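In what follows, chains carry the letters A, B, and so on, assigned in the order in which the sequence lines appear, proteins first and then strands, with residues in each chain numbered from 1. Only heavy atoms go into these numbers, but all of them, side chains included; no hydrogens, no water, no symmetry mates. Because the structure is a prediction, the values reported are computed rather than measured.
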Amino acid sequence: MSGLHVYNTRKRKKELFEPLEAGKVKMYVCGVTVYDYCHLGHARCYVAFDIIHRYLEHLGYRVTYVQNITDLDDKLINRARESDGEKDIKTRVAELAARFTAAYFEDMDRLNILRADLYPTATGNIPRMREIIAGLLEKGVAYRRGGDVYFQVSAFPGYGELSGKNPDDLRAGARVEVDGRKKNPLDFALWKEAAPGEPSWPSPWGEGRPGWHIECSAMSTNLLGATFDIHGGGQDLIFPHHENERAQSMAFTGKPFARYWLHNGFVTINREKMSKSLGNVFNLRDIFKKYKPRVVRFFLLSQHYRSPVDYSGEALDEAGRALFRLDNCYGLARLAGEEIFSLPPDPGVMAGFEEAMNDDFNTAAALAGVYRVVEEFYKNYRKPELPSGLPARLSAVKKICAVLGVDLVDPIHEPAPAGEISDYSALADRLIGGDTLTEDNLRALVSCRELARQNRDWELSDRIRDYLGAKGVSLMDRKGAPTAAVYYPEQLDGE
RNA sequence: GGCGCGGUAGCCAAGUGGUAAGGCGGCGGUCUGCAAAACCGCUAUUCACCGGUUCGAUCCCGGUCCGCGCCUCCA
């Protein structure tokens, strides 16, 4: 596809992406509520938007990426209440938020997610929220009930446009709790009167705290302007969060709000949405104990960001194997010539990549182009010379992987020969028995195996190989070259 | 009930009005002391089902069935 096309939730179709200001993209993505560790669903969302972020920059856009941090909400308050302590509730909420904010960044870093430009917080933007609420009251699209302030949905004609919902239908079938204070069940809180034991801030309507949706309106319009290019988040946020956010923002500024709404699909388990109520939430930190973050990332980008992606151990294993195929190709190509990867990337391969990505960030199709080059390499790498142009195509593969946030890792190592070995058989037995595979031990074992092979001692040779194999280190015997060991560094034991 | 997304080989997954990418797995072979990796060959006469439009549909239209999501906190 020539020119970037994105699926705009509001239009329910793909359309050509044209930023408001040439060469610049302003993007806002709903961030996390920092009351717990991140799960796979968060990874899915932030990997998806990281790829969008990276790809936009690859296309030459200057991207301003804002992602909020919700450090004030019911879940956070409840959780903070559980913790004992003499400190006041506001401090406890803040401490809890700080802790999980730090955890969030750690997890995202491990997934190789680039930082956004700004991470505004709810508590840091109360004045702007009050300003918007006051403006909405002034315009008559919001109303007060005691210490609460509500947005009056009926006063905003475009309500329902984003989510494709008809307010009348919503009213009819809604399971919305009837709140006597609201004029209409769809109306939502902009400001909530302070309750005992909750953090609160002063306002013209009394002590209280902001409603859920208002923070995003405040931060996005404040940092990116009334109208900006991309607003993203998980599909579950379309309604009511984004619908409400859009309504109150447009009612306040009188201008269009986000121009393109992008929403990522869910992670499912056995085809069911991963959610706390179903008890099938997979914490990222637990997943990382078993699967490397880069494998998790690769798994996520092997399907389109809007489709549901079903999590299973088998799927992660498969992603790991597929990623190894890429890494191994990279390693073998480096053996063929380090300089390959400083060559200018092949324009044809890059064009194919862009063609795929321009179609609403079709990473699965983009990977197919990568595999085509990988296959070409594998078919030819043993020949005295690589086919003409292949090195530049390989360089393109590396570049593409980098744009997708997957940095290739060379798994091929040529252990230097160990020093004098007087009795290789005894040494090998000792090292295998010791069961600690450091880099030195690996080197010694490979040397022992060489000696064993020279003596046609296949039993010991294979025993060494099996031992290493059990440690995740495979050996590659080569004609006319020393045996190479294939592994990822983290598979070795520390010294 | 309303709105939306989807049903493609053993599994995952692209895709196009002109006769099915890719990955993983499996089977057979090559290479190897044997392996691993890699390569070669095989692994969907067919794209949920039924109609329609068309010279021709998996791709367009209508309907049916099934799965999932949102409508309530949720990435």
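No engagement by A:Ala315 is indicated, since no non-hydrogen atom pair under 4.0 Å with the nucleic acid exists. Using a 4.0 Å heavy-atom criterion, one finds that A:Asn328 contacts the sugar-phosphate atoms exclusively. Within the nucleic acid shown, A:Arg449 comes within 4.0 Å of at least one base atom, counting heavy atoms only. Among the atoms of the strands shown, base atoms are found under 4.0 Å from some heavy atom of A:Gly265. Residue A:Asp74 is out of contact with every strand shown, counting any heavy-atom pair closer than 4.0 Å. Residue contacts for A:Val267: at a heavy-atom cut-off of 4.0 Å it reaches a base atom on one of the strands shown. Nucleic acid contact class of A:Gly41 (heavy atoms, under 4.0 Å, all strands): base. If you check every strand for non-hydrogen atoms under 4.0 Å, A:His304 touches sugar and phosphate atoms only. Heavy atoms of A:Thr9 sit nowhere under 4.0 angstrom from any nucleic acid atom.
No hydrogens or angles considered: nothing links the side chains of A:Tyr28 and A:Asp229 as a donor-acceptor pair under 3.5 Å. Remark: the A:Arg449 side chain and the A:Ser461 side chain contain an N/O donor-acceptor pair separated by less than 3.5 Å. A:Glu215 and A:Asn68 share a donor-acceptor pair across their side chains, judged by distance under 3.5 Å alone.
Across all strands shown, nothing is found opposite B:U58 as a Watson-Crick or G-U wobble partner with both distances under 3.5 Å. B:A38 is paired with B:U30 under the criterion used here, namely a Watson-Crick or G-U wobble arrangement in which both key atom distances are under 3.5 Å. Shown here, B:G25 forms a base pair with B:U43; the pair counts as Watson-Crick or G-U wobble because both key distances fall under 3.5 Å. Using the Watson-Crick or G-U wobble rule with both distances under 3.5 Å, B:C49 pairs with B:G63. The nucleotide B:A20 finds no pairing partner, because no Watson-Crick or G-U wobble arrangement with both distances shorter than 3.5 Å includes it. Using N1 to N3 plus N6-O4 or O6-N4 for Watson-Crick, or N1-O2 and O6-N3 for G-U wobble, each under 3.5 Å, B:C70 pairs with B:G2. Nucleotide B:A14 is matched to nothing when pairs are restricted to Watson-Crick or G-U wobble geometry with both distances under 3.5 angstrom.
An OP1 or OP2 oxygen of B:G15 is reached within less than 4.0 angstrom by a side-chain nitrogen or oxygen of A:Asn362. The phosphate of B:C31 has neither OP1 nor OP2 within less than 4.0 Å of any side-chain N or O from A:Lys479. Listed pair A:Lys379 / B:A38 fails the phosphate criterion, with no side-chain N or O lying under 4.0 Å from OP1 or OP2.
Nearer the 5' end of RNA chain B, as judged by each residue's closest nucleotide, is the contact made by A:Glu272, out of A:Ser275 and A:Glu272.
The salt bridge (charged side-chain N to carboxylate O under 4.0 Å, His left out) test applied to A:Asp71 returns no partner, not counting sequence neighbours. Residues forming a salt bridge (charged side-chain N to carboxylate O under 4.0 Å, His left out) with A:Glu375 (at least two apart in sequence, or on another chain): A:Lys379. Taking the salt bridge (charged side-chain N to carboxylate O under 4.0 Å, His left out) definition, one finds that A:Arg321 meets it with nothing, sequence neighbours left out. Residues passing the salt bridge (charged side-chain N to carboxylate O under 4.0 Å, His left out) test with A:Asp73 are A:Lys75, sequence neighbours excluded.
Taking the six-membered ring where the residue is Trp, the centroids of A:Phe49 and A:Tyr65 are separated by 6.0 Å or more. Two rings, from A:Phe188 and A:His213, have their centers less than 6.0 Å apart.
Checked by distance alone, A:Ser461 brings a side-chain donor or acceptor within 3.5 Å of a matching partner on the base of B:G33. For B:C24, its base never sits under 3.5 Å from the side chain of A:Arg325 at any donor and acceptor pair. Put simply, the side chain of A:Asp236 and the base of B:G69 share no donor and acceptor less than 3.5 Å apart. Evaluation of atom-type donor-acceptor distances gives a pair under 3.5 Å for the side chain of A:Lys165 against the base of B:C70.
Ring-base stacking between A:Tyr381 and B:A38 is not satisfied when judged by a centre separation under 5.5 Å and a plane angle under 30°.
Comparing the same atom, P, in B:A21 and in B:U43 gives a spacing of 12 Å after rounding to whole Å.
In this structure, the CG atom of A:Leu186 is 18 Å from the P atom of B:C70, given to the nearest Å. As a whole-Å value, the separation of A:Arg478 CZ from B:C39 P is 18 Å. Whole-Å rounding puts the A:Lys383 NZ to B:C31 P distance at 17 Å. If you measure from atom CG of A:Asp477 to atom P of B:C31, you get 16 Å, rounded to the nearest angstrom. Rounded to a whole Å, the CD1 atom of A:Ile51 is 19 Å from the P atom of B:A75. In this structure, A:Gln303 atom CD and B:G22 atom P are separated by 18 Å, rounded to whole Å. One interatomic measurement links the two molecules: OH of A:Tyr378 to P of B:G22, which rounds to 16 Å at whole-angstrom precision. At whole-Å resolution of the value, OH in A:Tyr35 and P in B:C73 are 13 Å apart.
Listed by residue number, A:Ala364, A:Ala365, A:Ala368, A:Tyr371, A:Arg372 are the residues of residues 363-373 of chain A with a heavy-atom contact under 4.0 Å to RNA chain B.
Here the side chain of A:Met476 is nearest to one of B:A36, B:C24, B:A75, namely B:A36.
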(request) Go through A:Asn8 and A:Glu15 one step at a time and tell me if the side-chain hydrogen bond (donor to acceptor under 3.5 Å, both in side chains) criterion holds. (result) CA-CA 7 Å; A:Asn8 187 350; A:Glu15 52 183 23; 2.9 Å; yes

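Here the closest non-hydrogen pair linking A:Gln67 and A:Gly31 is CG-CA, 3.8 Å.
Below 30°, between 30° and 60°, or above 60°: for A:Phe299 and A:Tyr311 the angle between ring planes is above 60°, a perpendicular geometry.
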(request) Take nucleotides 5-11 of chain B nucleotide by nucleotide from the 5' end and write B, S or -, depending on whether a protein heavy atom sits under 4.0 Å from the base, only from the sugar-phosphate, or from neither. (result) -------

